[in-house]
Amino acid sequence: MNKQMIDIGVNLMHRSFEQDRGEVVARAVQAGVSPLVLTGTSERNSDSAARYAAKFPGQLFTTAGVHPHDTRNCTARTLDTLRRLAKMPQVVAIGECGLDYNRDFSPRDVQRKWFEEQIQLACELDMPLFLHEREAHADFVRILKPYLVAGKSKAVVHCFTGSMRELDVYLQLGLHIGITGWICDERRGKHLRELVKRIPLDRLMLETDAPFLTPRDLPVKPQDGRNEPAFLPHIAATVAHCLGKPAEEVAEATTRTAREFFGL
C-alpha cells in the first residue's frame, strides 16, 4: 500500500518511545503513515506533545486534554492550560477526554465534571473532540448528547471496542469512530470484525494507539512487544478484509475522513 495514511491516535510521549522517538516517526513515514496525531492525556503530557510536534510542522499534530484517569489532578488552572495549548497551530482537537468506569483511577463525579468542562471548551473553541469511553456508555451519552444535538460539537470515539447497540447509538448521534489493532485480535476483537461493517467510511478513522494494542497477528512481532504507527497499514488491511474492499480504498477513505475531521 503506497497511499499516505493518518494515524489518529499515537501516544508518542510515552516513556517506551523515550530513546527513539524520531526514529519511530521516520519509520512511520517510510511505511506511508504521515501525518500522525499525538494524543494528549494530561496537562503536562499535552504540553510536551505540543512542544515535540512543533519540531515536525505538517507531520505531527496533537490533541490537548485530560484523560479520565488523570482528572483527579485537574485544578482551577487546567482549562487555561488547555486553552493556551489549543491556540497552537499543531493542536487540532480537545482530548483525550471522557469517562472510564473500568479502572476508576479518578472518582466518577470528578470524571463527569471534567468531561463536560472539556466538551464546553471544544464548543467554545470550535474544535473537534477526541473521546475515551470504557464501561460508562450511559453517562457518556447523557453528558455528550446535548452538545451534539445542538450541533455545537463533532467528536470521535477513539479505540472503539463496544457493543453493536453502543455503536448504533454513537452513529445515530453523528459521532466518528476510531478503530485500532484490537480488530486484529482473533479472540477479543472478533465482534469488531462484524461491527466495522456498520460504520460508514466517512465516519471511520484508523489508529494504532501505540505503544499499546500491538496487532496480535503481525507477520513479524516487535521484540519488545511495542506497537508503533508504522503498523497502521496492517490494521487498514484487516479492516479492508472485514469490509470486503481493497486495502487502498479503505486507506484512502479513512485518511480523507481524518483530514476533514481534524482540518489537516
Side-chain angles (χ1 to χ4, degrees), residues 6-29 33-98 100 103 105-106 110-111 114-115 117-119 121-122 125 127-132 155-156 158-159 178 180 205 207-214 222 224-232 258 261-264:
I6 296 174
D7 187 344
I8 69 155
V10 187
N11 299 284
L12 194 63
M13 305 323 286
H14 190 268
R15 62 184 172 279
S16 66
F17 292 126
E18 205 65 57
Q19 301 306 313
D20 63 345
R21 218 166 257 133
E23 289 154 51
V24 169
V25 175
R27 277 195 294 273
V29 171
V33 183
S34 179
L36 311 177
V37 181
L38 314 190
T39 308
T41 54
S42 67
E43 283 180 68
R44 207 170 90 199
N45 171 278
S46 297
D47 185 67
S48 55
R51 271 198 283 206
Y52 188 74
K55 300 176 190 168
F56 298 83
Q59 213 176 357
L60 298 183
F61 296 93
T62 71
T63 71
V66 181
H67 189 288
H69 288 345
D70 215 67
T71 49
R72 66 183 188 277
N73 300 318
C74 288
T75 68
R77 291 194 307 272
T78 298
L79 288 176
D80 288 337
T81 302
L82 298 181
R83 200 177 272 112
R84 174 178 61 77
L85 291 171
K87 291 200 166 84
M88 298 176 177
Q90 68 273 32
V91 178
V92 292
I94 298 298
E96 174 178 0
C97 60
D100 193 310
R103 307 294 278 279
F105 286 151
S106 293
V110 174
Q111 291 189 42
W114 287 101
F115 179 30
E117 293 276 12
Q118 290 179 86
I119 298 170
L121 180 65
L125 300 173
M127 290 175 79
L129 281 157
F130 189 81
L131 302 176
H132 173 101
V156 58
H158 131 84
C159 187
T180 63
M205 296 188 258
E207 50 178 334
T208 56
D209 201 28
F212 315 113
L213 300 183
T214 308
D224 51 6
R226 184 185 71 174
N227 196 9
E228 51 177 88
F231 304 150
L232 193 69
F261 180 84
F262 289 107
L264 303 182

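Atom CD of E18 sits in a crowded spot, with more than 12 heavy atoms from other residues, nucleotides or ligands closer than 6.0 Å. Other residues, nucleotides and ligands contribute more than 12 heavy atoms inside 6.0 Å of the CZ atom of R21.
With a 4.5 Å cut-off on side-chain heavy atoms, T78 and W114 count as touching. Within the 4.5 Å cutoff, the side chain of D47 has no heavy atoms near those of the T81 side chain. Considering only heavy atoms from C-beta on, F231 stays 4.5 Å or farther from V33 through its side chain.
Under the 6.0 Å cut-off for aromatic ring centres, F105 and H67 do not qualify, their centroids lying 6.0 Å or more apart.
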### Task
Determine, stepwise, if the pair D20 / R226 fulfils side-chain contact (heavy atoms from CB on, under 4.5 Å).
CA-CA 12 Å; D20 63 345; R226 184 185 71 174; 2.9 Å; yes
### Task
Take S42 and N73, measure what side-chain contact (heavy atoms from CB on, under 4.5 Å) needs, and give me the verdict at the end.
CA-CA 9 Å; S42 67; N73 300 318; over 6 Å; no
### Query
Taking it one step at a time, do D70 and T41 satisfy side-chain contact (heavy atoms from CB on, under 4.5 Å)?
CA-CA 8 Å; D70 215 67; T41 54; over 6 Å; no
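Minimum heavy-atom separation, A53 to T62: CB-CG2, 3.5 Å. Among all heavy-atom pairs drawn from V91 and A86, the shortest one is CG1-CA, 3.8 Å. In terms of heavy-atom proximity, T208 sits nearest to P229 at CG2-CA, 3.8 Å. Summarising the geometry of E43 relative to L85, their closest heavy-atom pair is O-CD1, 4.4 Å, with the distance given to 0.1 Å. Of all heavy-atom pairs spanning L121 and I94, the tightest one is CD2-CD1, 4.0 Å. Between F261 and L129 the shortest heavy-atom distance is CZ-O, 3.8 Å.
Atom CZ of residue F56 and atom CD of residue Q90 lie 12.5 Å apart, to the nearest 0.5 angstrom. If you take CG on D7 and CE on M205, they are separated by 12.0 Å, rounding to the nearest 0.5 Å. Rounded to the nearest 0.5 angstrom, H158 NE2 and T180 OG1 are separated by 8.0 Å. To the nearest 0.5 angstrom, E228 atom CD is 10.0 Å from L12 atom CG. Here H132 contributes atom NE2 and D100 contributes atom CG; the two are 3.5 Å apart, rounded to the nearest 0.5 Å. Annotation: the span from T63 atom OG1 to E96 atom CD amounts to 7.5 Å, rounded to 0.5 Å.
Taking the six-membered ring where the residue is Trp, F212 and H14 present perpendicular rings, their angle passing 60° and hence far from 30°.
Under the 4.0 Å criterion applied to side-chain N and carboxylate O atoms, R84 and D80 are not assigned as salt-bridge partners.
For S34 (side chain) and V29 (main-chain N/O), no donor-acceptor pair under 3.5 Å exists by modelled atom type. Under the 3.5 Å distance criterion, the side-chain polar atoms of Q118 are matched with a main-chain donor or acceptor of V66. Looking at S46, its side chain never comes within 3.5 Å of a backbone N or O of A64 through a donor-acceptor pair.
A side chain to side chain donor-acceptor pair (under 3.5 Å) with D209 is found for one member of N11, T39, N227 and no other, namely N11.
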